[in-house]
Amino acid sequence: MSAVFSPLAVPVSAGIGLRSPHISEMLTRRPSAGWLEVHAENYMGDGAGVEALEKLRKIYPLSVHGVGLSLGSAGGLDRDHLERLRKVCERFQPDLVSEHLAWSVADGAYLNDLLPLRYDEEALAIVARNVETVQDTLKRRVLIENLSAYLAFADSSMNEAEFLAELVAQTGCGLLLDVNNVQVSAHNLQYDAKAFIDALPADAIGEIHLAGHATNQVGTDTVLIDDHGSRVPPVVWALYEHAISRLGPRPTLIEWDTDVPVLDVLLGEAMWADMLTASIMFNRKQAARQVPASETRPMAGFFSQEGETMTSMPVLAAFAAAKAARPAVSAVLQQTEEGYHAAA
């Protein structure tokens, strides 16, 4: 029987991906976190992890993120997998549910990757049919995430942003904007990352993901790898700034899946996202009021919009304010501050 949870809608703030090394600490310490997101496939059975999530669901708003539906499969969806996802949603009653614009199943074999599609009318019809099946089964709107890409099909008749916009128009689905994926794909495939974000239907974007990526050298080429194994880099923060400036605040998730750090590092990354959003919205209100420059105090600089560098970071100004108000900054925050200074 499904548990009954009090309404805990995902707030328009930053949350973290719940990872197994942190479950015990989340239960005992109950740190301040906007919300939690879990991978659906990790909670399709029973066991200690599922029991722990039922307890955490009473404390934190929840989002469920799928990785195995294979929405691009021409043969249709695995109905057993979809039914397991339905039961996860029924059990935990998440406010947000999302999946990837990708395929990962061929002839009944599940591949350990999220593979890209050819973006054309035929593929759009397949994905739209599968998305409608998911939404009809779950009886809810599903957010579809853009993919990190390392190659593209030469015979695509549209780009990914156009494909996603048309998918929204045909199915009424929402979008999960993974800013790190945009940066990775834009670098690898040589297109404008900001133009990609600008081409998406803003009203459809119900969630944003932030993460780190790896940089690999392949001969003379630099390839970005979406490994979710490090802090959000400056170039991704800059692109997030662009997204929030255009879209306004959105529920934002910090993803970290490899070399998972201590919990405070994830919570700290979420705090920077909230601080950056607050800075952007404050500046927007100031501009709307048209306060004379002589009556305003200087604001912290924002990220550079060019390349991999940045001029300054609002979070560093926030650190200075926090130190002035509370000199005893924890060791973890001190190390984090030093890391951001080094990145800058």
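Atom CZ of R29 is surrounded by more than 12 heavy atoms from other residues, nucleotides or ligands within 6.0 Å.
Between the side chain of T171 and the backbone N or O of C173, at least one donor-acceptor pair lies under 3.5 Å. W256 places no side-chain N or O within donor-acceptor distance of the main-chain N or O of R231, the cut-off being under 3.5 Å. A side-chain donor-acceptor contact under 3.5 Å links E99 to the backbone of L69.
Qualifying salt bridge (charged side-chain N to carboxylate O under 4.0 Å, His left out) partners for D198, counting only residues two or more places apart in sequence or in other chains: R246. For R140, the salt bridge (charged side-chain N to carboxylate O under 4.0 Å, His left out) criterion is met by no residue, not counting sequence neighbours.
Defined by atom type and a distance below 3.5 Å, a donor-acceptor pair is missing between the side-chain atoms of H213 and D226. A donor-acceptor contact under 3.5 angstrom links the side chains of Q217 and T222, judged on distance only.
Between H209 and H65, the ring planes are perpendicular. Angles over 60° get that label, and only those under 30° would be called parallel.
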- Task: Walk me through it: do R91 and E54 pass the test salt bridge (Lys or Arg N to Asp or Glu O under 4.0 Å)?
- Result: CA-CA 8 Å; R91 183 170 195 168; E54 286 189 333; 2.9 Å; yes
- Would Y240 and T252 count as a side chain to side chain donor-acceptor pair (under 3.5 Å) if you check the C-alpha gap in whole Å, the side-chain angles of each, and the deciding distance to 0.1 Å? CA-CA 10 Å; Y240 180 63; T252 297; 2.8 Å; yes
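To the nearest 0.5 Å, the span separating CG on L200 from CG on N146 amounts to 7.0 Å.
For the pair D120 and R118, the salt-bridge criterion is met [side-chain N within less than 4.0 Å of a carboxylate O]. Salt-bridge formation is detected for the pair E83/R86: a Lys NZ or Arg NE/NH1/NH2 atom is positioned less than 4.0 Å from an Asp or Glu carboxylate oxygen.
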